[in-house]
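Following: one structure in structure tokens, then a few remarks.
Letters A, B, ... mirror the listed sequences (proteins, then strands); counts begin at 1.
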Amino acid sequence: MVWNDERIELLKSLWAEGLTTGEIGKQLGVSKNAVVGKAHRLGLKGRPSPIKRTKKPAKPEAPPKQVEPPPSLVDLAAHTCRWPIGDPRDADFHFCGKPALTGKPYCGEHAAIAYVTSGSKSSSREEDAA
DNA sequence: CCCTGATTCGC
DNA sequence: GCGAATCAGG
């Protein structure tokens, strides 16, 4: 289908007269989709049928970002000082809970106590391992 | 189910 | 750029 100036002019005329796309299409010998498509392409405004389209059904959109899940409770617990505070029999017994040293179950404060190299006699294991 | 226009998508 | 296909409201 070729849109000559005459056709376009006629289209605009009929469109301006208030004819529907179907009618214009019939008179021009084209389908209504061609008319509405051309009208939209020409920037003509359709006064009737204020149908507003909700969304774009056939448009898969890649998620812009992928938020990484927050640290799980167990992960947080893994980095929590597990130095016991109080008597286990007491109701208010609890663990230290402060941020633990990486790879260790205790925070710096309690790790110092836990791993204190008590003046052992022979070479300590830490020194050998290190 | 018919009509309408609007938008998208393949050619 | 074109228009059928699709969508969406009347």
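Listed by residue number, the members of residues 26-34 of chain A with any heavy atom below 4.0 angstrom from DNA chain C are A:S31, A:N33, A:A34. Of the residues in residues 5-16 of chain A, not one places a heavy atom less than 4.0 Å from an atom of DNA chain B.
Atom CZ in A:R53 sits roughly 13 Å away from atom C1' in B:dT4 (whole-Å rounding). Rounding to whole angstrom units, CG of residue A:L42 and P of C:dG1 are separated by 10 Å. Between the P atom of C:dC2 and the CH2 atom of A:W3 lies a distance of 8 Å, rounded to the nearest Å. Taking atom CD of residue A:E23 and atom C1' of nucleotide B:dC2, one finds them 14 Å apart after rounding to whole Å. Distance, A:I24 CD1 to C:dG3 C1': 16 Å, rounded to whole Å. Per the geometry, NE2 belonging to A:H40 stands 14 Å off C1' belonging to B:dC9, to the nearest Å.
Residue pairs that meet the side-chain hydrogen bond (donor to acceptor under 3.5 Å, both in side chains) test with at least one member in residues 96-110 of chain A, sequence neighbours left out, are A:K98-A:E109.
Contact detail for A:G108 and A:L101: the closest heavy-atom pair is N-CD1, 2.9 Å.
A:L44 is linked by a side-chain contact (heavy atoms from CB on, under 4.5 Å) to A:K12, A:W15, A:A39, A:L42, counting only residues two or more places apart in sequence or in another chain. Among residues two or more places apart in sequence or in another chain, the side-chain contact (heavy atoms from CB on, under 4.5 Å) test is passed with A:E17 by A:L14, A:L19. For A:R82, the side-chain contact (heavy atoms from CB on, under 4.5 Å) partners at least two apart in sequence or on another chain are A:F95, A:P105.
With A:N4 contributing its side chain and A:E6 its backbone, the two residues share no donor-acceptor pair below 3.5 Å.
The closest side-chain heavy-atom distance from A:T20 to A:K32 is not below 4.5 Å.
Summarising the geometry, atom CG belonging to A:L28 is positioned 6.0 Å from atom CG belonging to A:L11; distances are rounded to the nearest 0.5 Å.
Proximity of A:R41 to the phosphate of C:dC2: a side-chain N or O atom is located under 4.0 Å from OP1 or OP2.
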